[in-house]
Amino acid sequence: MDDNGFSGAATIGRLSAIPWCRTLLESPAWTRTHTSSRIPKPSTEDSFFAETLGTQRNIQSCTALRPTEESDGSIDEIYYDELRVIYELGDGVNGWPEIAHGGFVVTLLDESMGMLLQLNTEVRVTKRVRPHDKASPFTAYLNTTYKKPVPTPRAVMCKVKVVGRERNKIYLHATIEDGEDLVFTEAEAMFVEVRSKL
């Protein structure tokens with residue numbers, strides 16, 4: 001991971017050898033975006049994802065892609081309503097041999113949803129919609145359905161979509177897939193945005 005939160009050339013080279021990853025990375029409909037939660041911070045924010053899980057045996061790499069075009073604006077202050085995250089998983093996340101632990105799977109879903117919400121917060125600040133506010137999304141609930149075991153080690157994709165908003169409540173749907181439409185796990189969640197002055 002580069003300092004700016006983008007996956008480095010070696011990661012992109014590895015992923016490009018996997019056909020479904022290459023298709024997504026080369027698609028004009030999707031643009032790579034940074035993942036700040038993979039960067040260790042002095043405040044210890046994101047330390048679980050950036051440090052504890054950010055190893056060769058756990059999450060080797062994390063590559064996020066947002067739509068190239070902004071959404072239609074039908075959901076208030078949501079500029080990007082979707083995100084695709086490619087994770088290279090190692091065997092350090094296993095609960096059973098060659099199967100990721102169920103608690104870890106939920107972590108991937110929760111983190112990917114948070115990435116999408118953080119992206120939108122950053123866009124609001126950049127566009128000066130709320131230049132002095134910081135919106136912090138907190139998980140209120142995350143209902144998970146396990147359909148098939150998530151195999152390791154391998155690359156998987158988490159698809160995230162914002163499906164609705166009511167004031168500071170944001171509703172999302174996410175799946176973890178094999179990149180070829182086989183769904184391992186899916187989740188419905190509600191996040192609550194808490195705003196505080198910077």
Side-chain angles (χ1 to χ4, degrees), residues 1 5 7 11 14-15 18-21 24 30 33-41 44-66 80-120 136-164 169-194:
M1 184 70 61
S7 295
T11 295
R14 279 194 315 275
L15 294 177
I18 303 169
W20 67 265
C21 291
L24 181 60
W30 295 93
T33 188
H34 72 283
T35 52
S36 62
S37 64
R38 285 278 287 187
I39 301 171
K41 301 169 182 66
T44 71
E45 179 183 359
D46 295 321
S47 59
F48 181 57
F49 200 70
E51 298 175 52
T52 304
L53 294 177
T55 70
Q56 292 298 305
R57 285 202 63 212
N58 294 325
I59 301 176
Q60 184 176 1
S61 73
C62 169
T63 304
L65 298 101
R66 61 161 174 79
Y80 297 105
D81 61 0
E82 294 185 74
L83 194 69
R84 302 284 184 270
V85 188
I86 303 171
Y87 293 102
E88 285 185 287
L89 305 181
D91 60 9
V93 300
N94 289 0
W96 290 92
E98 300 180 347
I99 296 173
H101 190 288
F104 170 77
V105 171
V106 173
T107 297
L108 285 188
L109 291 162
D110 185 65
E111 187 63 28
S112 300
M113 291 178 180
M115 285 180 192
L116 178 55
L117 297 180
Q118 181 61 34
L119 171 63
N120 281 284
S136 300
F138 292 90
T139 312
Y141 67 74
L142 198 160
N143 297 330
T144 306
T145 302
Y146 298 94
K147 296 179 172 291
K148 294 183 178 297
V150 176
T152 64
R154 69 171 298 159
V156 298
M157 175 168 57
C158 189
K159 291 182 180 179
V160 183
K161 183 166 180 61
V162 176
V163 295
K169 297 175 182 176
I170 304 173
Y171 300 90
L172 302 103
H173 177 265
T175 56
I176 296 178
E177 307 181 9
D178 70 346
E180 298 175 336
D181 298 323
L182 175 64
V183 175
F184 300 123
T185 313
E186 67 178 330
E188 305 287 341
M190 182 181 80
F191 280 66
V192 176
E193 257 186 356
V194 178

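The list of side-chain hydrogen bond (donor to acceptor under 3.5 Å, both in side chains) pairs with a residue in residues 93-106, not counting sequence neighbours, reads Asn94-Thr152. Within the structure, every pair that satisfies the salt bridge (Lys or Arg N to Asp or Glu O under 4.0 Å) test and touches residues 48-62, not counting sequence neighbours, is listed here: Arg57-Asp91.
To the nearest 0.5 Å, atom CG of residue Asn143 and atom CD of residue Glu188 are 8.0 Å apart. Taken to the nearest 0.5 Å, the CZ atom of Phe138 stands 12.5 Å off from the CD1 atom of Ile170. Note that CG of Leu65 and CD1 of Ile86 are 5.5 Å apart. Values are rounded to the nearest 0.5 Å. For the atom pair CZ of Arg14 and OG of Ser7, the computed distance is 9.0 Å after rounding to the nearest 0.5 Å. Rounding to the nearest 0.5 angstrom, the gap separating the NE2 atom in His34 from the CE atom in Met115 is 10.0 Å.
With sequence neighbours left out, the salt bridge (Lys or Arg N to Asp or Glu O under 4.0 Å) criterion links Lys169 to no other residue. Take Asp46 and apply the salt bridge (Lys or Arg N to Asp or Glu O under 4.0 Å) test, not counting sequence neighbours, and it matches Lys41. Under the side-chain contact (heavy atoms from CB on, under 4.5 Å) criterion, Thr52 pairs with Phe48, not counting sequence neighbours. Applying the side-chain contact (heavy atoms from CB on, under 4.5 Å) test to Tyr146 and every residue at least two apart in sequence or in another chain returns Val105, Val106, Thr144, Thr185. Residues forming a side-chain hydrogen bond (donor to acceptor under 3.5 Å, both in side chains) with Lys148 (at least two apart in sequence, or on another chain): none. Ala189 is linked by a side-chain contact (heavy atoms from CB on, under 4.5 Å) to Met113, Leu142, Phe191, counting only residues two or more places apart in sequence or in another chain. Considering only residues two or more places apart in sequence or on other chains, Glu111 meets the salt bridge (Lys or Arg N to Asp or Glu O under 4.0 Å) condition with none of them. Shown here are the side-chain hydrogen bond (donor to acceptor under 3.5 Å, both in side chains) partners of Thr139, two or more places apart in sequence or in another chain: Asp110. Every residue meeting the side-chain contact (heavy atoms from CB on, under 4.5 Å) condition with Asp178, not counting sequence neighbours, appears here in chain and number order: Arg154, Glu180, Leu182, Phe184.
Residues Glu88 and Thr11 come closest through the heavy atom pair OE1-CG2, 3.9 Å. Considering all non-hydrogen atoms of both residues, Tyr87 and Ser112 come closest at OH-OG, 2.6 Å.
Under a 3.5 Å cut-off, the side chain of Ser37 and the backbone N or O of Ala50 do not form any donor-acceptor pair. A donor-acceptor contact shorter than 3.5 Å links the side chain of Thr55 to the backbone of Asn58.
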_Test log, rule side-chain contact (heavy atoms from CB on, under 4.5 Å), inputs Val93 and Leu108_ = CA-CA 11 Å; Val93 300; Leu108 285 188; over 6 Å; no

Next on the checklist: Run Leu89 and Phe104 through side-chain contact (heavy atoms from CB on, under 4.5 Å) and show every step you take.
Outcome noted: CA-CA 11 Å; Leu89 305 181; Phe104 170 77; 3.8 Å; yes

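Ring-plane geometry between Tyr141 and Tyr171 is classed as tilted, the angle between the planes lying from 30 to 60 degrees on a 0 to 90 degree scale.
Side-chain polar atoms of Tyr80 and Thr33 form no donor-acceptor pair below 3.5 angstrom.
Annotation: side chain of Leu117 is in contact with side chain of Leu172 (closest heavy-atom distance under 4.5 Å).
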For residues 155-162, please give each side-chain donor-acceptor pair under 3.5 Å, one per line with the distance, not counting sequence neighbours.
from, atom 1, to, atom 2, distance (Å)
Lys159, NZ, Glu177, OE1, 3.4
Lys161, NZ, Asp81, OD2, 3.4

